Amino acid sequence: MEKAWTEILVSSFQEVTHRLSLLAPRLLAMLTLVLLGWIAAVIARRVVVRLLVAADVDARCARWGLMPTWSRTGVLPSPTTLVGRLVFWMLLLMAVLMGIEALELTATAGLVALVMRFVPNLIVAALIMVSAWVLANFLSQAALIGAVNAQVAGAPLIAGAVRWLVLVFGGAAALTQLGIAREMVLLAFGIAFGGSVLALALAFGLGGKDVAREILESRLRKQEESEDPMTRP
Amino acid sequence: MGDRIPAKDLVPVESLATLDTARPSELVVGIPVLNHARSIAQVMESMAMGLAKHFPSRKAMLLVVDAGSQDGTREVIRSWKEKSPDAPLIQDVYLTGPALRGRATLAILLLVRHLEAQACALVDANLTSAAPAWVYQLLQPVLQGEADYISPVYTRLMSEGTLTTNLAAPLTRALYGKRIREVMGGCAGFSAKLASQVVEIDTRANDLDAYGMEMGLTTEALVSGGKVVETHLGRKMVIASPGEPDMATMLARVTGSLFGLMERYRAFWEPIDGSSPLPQTDMPASFSSEAAEIHVERMVRAFRLGLKDLLPVWEQIMPEETLAHLYPLGLLPVDEFRFPPLLWARVVFDFAVAFHEWRLPREHLLRALTPLYLGRVAAFLAEAQDATPSQFSDLLDHIGQAFEEEKGSLRARWR
């Protein structure tokens, strides 16, 4: 009885030791990969931030009309800092994935390949959303100023509609790129877009007679202005 | 010393070859044209008569440069040429490329140099009040060495030219220290030397739109240290041509050019304080108190709408201190509406600083000035309504002084 108990203990200990001796190099490899990845991520972040600062990216974002909306969010750092952080986390994520792969665990087999297949689509979708955001801000500001200068009432409403139209379009394009419920997104977008246009047309025609008149009058006024000596230098 | 844009890059080779046969030409009267079929014949007639009458023994040329008219201007010019075989040498040049008025002006400046002319008069093709005597007034002082640049002064209704009286002239006065009346007056006389200086400057895209080239010419004359003289040309009458921009676009183009010039000539304007009047070749201009239909109510409404809806944009351009002075104006009834010149000067300088710092896309920023400009014009016209010509002159002087007073704040913020 005592001998059997000792054998079980020894064999269990040997088994655990054997398994640990098999896992230890992999664990060490994972830790090394994560550490190296972290160092590379820190260096890459610094290099990218310096390059972006040298390229005056924050000021350029201001020129493209991006900064006002950016700073209004109150949570986003400057574009340069944000890109630096993205680079850092992307590299660290890659290092962690490589580390997990080095462990050769059955449960995580194929995880890296799966993630790596998804990453390009994710990057493209993010780029689509950023572009849509820049475009939405630019166009909505242009619409706001244009509508106010044409003395059209409800200019902020028009600007808001323009902003959301572009953002919704961008969102639908990004989701399609990610392959998330592609048919549903296309269908929903088509219904929402078509419905909005129809609703606007009906609202403008039935309920917005005054606004329509105002817009037409402002167009006529613009034509008159070109004949008005006061508008000439 | 080569041109920034060689004449051959702008002017078709066959036109240059024709012009070479008339080289050198002592005098050039240049008419930049873009869709001026309604008025070009009248202006050409006056200028040709002026050259024939006042400079019969000089080798002169009437140079018409079309930037790409689409309204039959070319046919009108050719038909007038055929009907006037006795007129002084007329050359018509048709540019290819973008149809921008400033390209025609730039081509004239380049050709003045190419033709080795001594003096040039530049006259807008829509100036139907252009008289033959203008040719003498614009060219003679330059030929005699009494001036490098002749700037026009017109007799105007008080309601006319508010973009000049409330923005271009007082801003130019405060910046460059000269009380010039017209910064983009539609005509000018200048020496070949000045034309050469201007074509050496790096021309920006917005200079080629609207009045950018003319404003560049006037400003270069002021900063180059040459003799700038004003001459009184009488009443200014113009005919609108098809495709002329609306008020907001015109304001944005003019303001954009003025702010662009501020960036170019910073080293010159920064140390200048105060201003001095320019010498005049003849009687000073008077303002006509003739009544004109004024839509002050519409302008005040535009200002109020701007204050209500454009505030998020204005907050990015103007500091809280300026905005705090603007808020109460939105509550004033139309008949009591006012917009003090000092506040207006502050607003213009705030926009200039924001333009320089690229706080917004520049086109958006410039267009966001429109409701404020209309508010200022409404207040100005209300003040001018019952003014005598002398009081009106004082009113204009007051605006200029306000810009001079506010210049310190501009200097402190312009980095």
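Because only heavy atoms are used, hydrogens play no part in the values below, and waters and symmetry mates are left out as well, while side chains stay in. Everything numeric in this text was worked out from a predicted model, so none of it was measured.
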**Message:** How about CE on A:M129, more than 12 heavy atoms from neighbouring residues, nucleotides or ligands closer than 6.0 Å, or not?
**Reply:** yes
**Item:** Side-chain donor or acceptor of A:N149 paired with backbone N/O of B:T370 under 3.5 Å
**Value:** no
**Message:** Please check if the number of heavy atoms outside B:W414 that lie under 6.0 Å from its CH2 is greater than 12.
**Reply:** yes
**Asked** Got a sec: does the CD of B:E315 have more than 12 other heavy atoms crowding it under 6.0 Å?
**Response** yes
**B:A302 portion near chain A, given a 4.5 angstrom heavy-atom threshold** = both
**Message:** Tell me the closest heavy-atom pair linking A:I145 and B:H364, and the distance in Å.
**Reply:** CD1-O, 3.4 Å
**Asked** Taking atom CG of B:D309 and atom CD of A:Q151, what is their separation to the nearest 0.5 Å?
**Response** 11.5 Å
**Prompt:** Picking from B:L305, B:L365, B:V183, which has the most non-hydrogen pairs under 4.5 angstrom with chain A?
**Reply:** B:L305
**Asked** Around A:L103, counting heavy atoms of other residues, nucleotides and ligands shown, do more than 12 lie under 6.0 Å from its CG?
**Response** yes
**Message:** A:L91: which residues meet the side-chain contact (heavy atoms from CB on, under 4.5 Å) condition with it, sequence neighbours left out?
**Reply:** A:A41, A:A44, A:V87
